[in-house]
Amino acid sequence: MKVLVSDPLSEEGLEILKKEEDIEVEVATKLAPEELKAKIKDADALIVRSGTKVTRDLIQAGNRLRVIGRAGVGVDNVDVEAATEKGVIVMNSPGANTISTAEHTVALLLSLSRNIPQAYLSLKQKKWERKKFMGVEVYGKVLGIIGLGRIGGEVAKRAQVLGMEVIAYDPFLSPERAKRLDVKLLGLKELLGQADYITVHTPLTDETEHLIGPKEFKLMKDGMKIINCARGGIVDEKALYEAMKSGKVAGGALDVYEEEPPFDSPLMELDNLVLTPHIGASTEEAQRKVAIEIAHQVVDALKGRTLRNAVNVSSIEPEIYEEIKPYLSLAEKLGCLEAQLLKGRIVRVGIKYSGEVIEYDLAPITLAILKGLLESVLGETVNYVNARLIAREREIEVIETKSERLEDFANLISLEVETPQARGSVSGTLFGRSDARIVRLNGYHLDAVPVGYMLVCAHEDKPGIIGRIGTILGAQGINIAAMTLGRKEKGGREVTVLNLDSSVPKSTLKDIENIKEIFEVRLARL
Ligand code: NAD
């Protein structure tokens, strides 16, 4: 078997591959697309980092290709759909850079408290400014962690050793994990009001983009300090600039930016902001770990052993995949939609399959639902292989039932999702072979196409309301592509679902929410 490595990979990773007697390793980096296409013809596996563009064309050329391994997290340089269609497994190696990123966060925390980068620069200019660089201790201070996942959890442990009191905001986390980490879970507002330092460790999603904006800065303690070592845009850079200029925020540290590199950003002019060029995961150990992890995973996959961190479902035979593909897509969308509509920590998921769909293996379809549900919270680290494991770790109870009885549709997948505060349900069907529709939402009968931006409004069933929603959207240049309505009785509560051609700014959502007859507005992106 041949493994082609087309981006630089740590020697330790290559050694793992070379140790296998039946595996031939070819390292060929910086190839032009045509050269790579020629080399991939007889390769059984391809290992890349972020440099190689693994296009549909390249995947098609891999006559024997079975596995694509990405040493690292993001698979945006791989055409996963084309790989899946061809039955090629795509895998990544998340988690290998957790410690490095947590350590970098701590390095920023201390640099920021003791002005280390600024003091270094001053000394290099042959100045001896001991008074100017008066610092503060972190000991005894309150650290607020937003997103207590892998990296957030490791930051918490290290901050506790430094004598900090750690509080966190993570609405999707089980209280048990917070308890195990000895971290107090709070609401966002409470955290903002109590923390001396805030560090964000969430993925960048529609929900977390500008999670820390002007309103949030206002709620913070005067003179607090903030760190973003997760993804650019979780902290609103414009609001951060204002908060630092006004003195509300005494110091900050960023490793990631809304636009990278941030050369044109006004943030560059602030002296009390420590900046590093997205190097959170840039350590020899992290690079070694991703290489070792991906090499083991690729060997295991080639030898038919356990599949780890596969981001697609190619463990299914290509012919079967072709058949269930529309159901997988529908299932993932149902999960994704419900997670965005309900919000909060999911504690229970009830899945009911009825009609024709029960003739298929339902396990991958359930995984697709879980992936959809978890992905909007955890981002791209959720995949078809770890979705069930993550659900278990997060103590989400999953109950599946199937019924041969037809419920108005030839096939129906229904989800009922519970959080400690609320419960929501959504059902979808396929018309024909692949025409997906949402047909029920919280008991309301609808006919909505699950695609793009979906605005879901619950309101009184009165004339004129939909017109007003349309006017508000129209004023912002947001086009309505499709609309569906459902109500249980005349004059009662009604649900309107709009498919939109573009996203809706938060302020516009607020304007819609302010219409007196509207109970609730949610925007989902599928
Ligand atoms: P993770 O999935 O283990 O943890 C993310 C946590 O965020 C989860 O516990 C989730 O429940 C929580 N979360 C999601 N939405 C939230 C919200 N709206 N409010 C509060 N909490 C929310 O991820 P991880 O591996 O710890 O990675 C965290 C971040 O670090 C990601 O953005 C990742 O891309 C980034 N990262 C950066 C670097 C770097 O070079 N600077 C390196 C690796 C990872």
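Both counts, for ligands and for their atoms, begin at 1 and track the order of listing.
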**Q** Within a distance under 4.0 Å of any heavy atom of D255, pick out the atoms of ligand 1 and give their elements.
**A** 39 (C), 40 (O), 41 (N)

**Q** Do S113 and Y197 have side-chain N/O donor and acceptor atoms under 3.5 Å apart?
**A** yes

**Q** Using a distance-only test with no angle check, is there a side-chain donor-acceptor pair under 3.5 angstrom linking S425 and E416?
**A** no

**Q** Would E520 and R522 pass as an ion pair if we require N to O under 4.0 Å?
**A** yes

**Q** Does N115 use its side chain to pair, donor to acceptor, with the backbone of Q118 at less than 3.5 Å?
**A** no

**Q** Backbone, side chain, both or neither: what part of T98 comes under 4.0 angstrom of ligand 1, heavy atoms only?
**A** neither

**Q** Show me which atoms of ligand 1 lie under 4.0 Å from any heavy atom of L378.
**A** 2 (O), 8 (C), 10 (C), 11 (O)

**Q** Would you mind running through ligand 1 and noting each atom that sits below 4.0 Å from a heavy atom of R231?
**A** 32 (O), 34 (O), 36 (N), 37 (C)

**Q** Under a 4.0 angstrom heavy-atom cut-off, which atoms of ligand 1 come close to N97?
**A** 43 (C)

**Q** Does ligand 1 come near enough to E207 that some N or O of the ligand is less than 3.5 Å from an N or O of the residue?
**A** no

**Q** Check ligand 1 against G147 and write out every atom of the ligand that is under 4.0 Å from a heavy-atom position of the residue.
**A** 7 (O), 12 (C), 21 (N)

**Q** Which atoms of ligand 1 sit under 4.0 Å from any heavy atom of F172?
**A** 11 (O), 13 (N), 14 (C), 15 (N), 16 (C), 17 (C), 18 (N), 22 (C)

**Q** Using a plain distance cutoff, I'd like to know if I151 has any nitrogen or oxygen under 3.5 Å from a nitrogen or oxygen of ligand 1.
**A** yes

**Q** Between K179 and E176, does at least one N-O distance fall below 4.0 Å, as a salt bridge requires?
**A** no

**Q** By number and element, which atoms of ligand 1 are closer than 4.0 Å to a non-hydrogen atom of H278?
**A** 39 (C), 40 (O), 41 (N)

**Q** Quick one: do the Q160 and D182 side chains pair a donor with an acceptor below 3.5 Å?
**A** no

**Q** Would you say R394 has any N or O atom under 3.5 Å from an N or O of ligand 1, going by distance alone?
**A** yes

**Q** Checking side chain to side chain contact (heavy atoms under 4.5 Å, CB included) between Q340 and each of L523, T205, L526, V456, which is the one that passes?
**A** L526

**Q** Nearest heavy atom to atom 23 (O) of ligand 1 wins, so pick from R150, R177, H104, E154.
**A** R150

**Q** Identify whether the distance between the nearest side-chain nitrogen and carboxylate oxygen of R180 and E393 falls below 4.0 Å.
**A** no

**Q** Taking atom types as modelled, is there a side-chain donor on T29 or D7 under 3.5 Å from an acceptor on the other?
**A** no

**Q** Do K245 and E242 sit within salt-bridge range, that is, some charged N less than 4.0 Å from a carboxylate O?
**A** no

**Q** Hey, does P420 have a side-chain heavy atom less than 4.5 Å from the side chain of V347?
**A** yes

**Q** For ligand 1, is there an N or O atom under 3.5 Å from any N or O atom of C229?
**A** yes

**Q** Between ligand 1 and T208, is the shortest N or O to N or O distance under 3.5 Å?
**A** no

**Q** Out of all atoms in ligand 1, which are within 4.0 Å of some heavy atom of P171? Include the element for each.
**A** 19 (N), 20 (C), 21 (N)

**Q** Can you tell which of H201, R345, E209 gets a heavy atom nearest to atom 28 (C) of ligand 1?
**A** H201

**Q** Could an N or O of ligand 1 be found under 3.5 Å from any N or O of D170, whether backbone or side chain?
**A** yes

**Q** Quick test of your reading of the structure: of V73, T101, T202, whose heavy atom lies closest to atom 29 (C) of ligand 1?
**A** T202

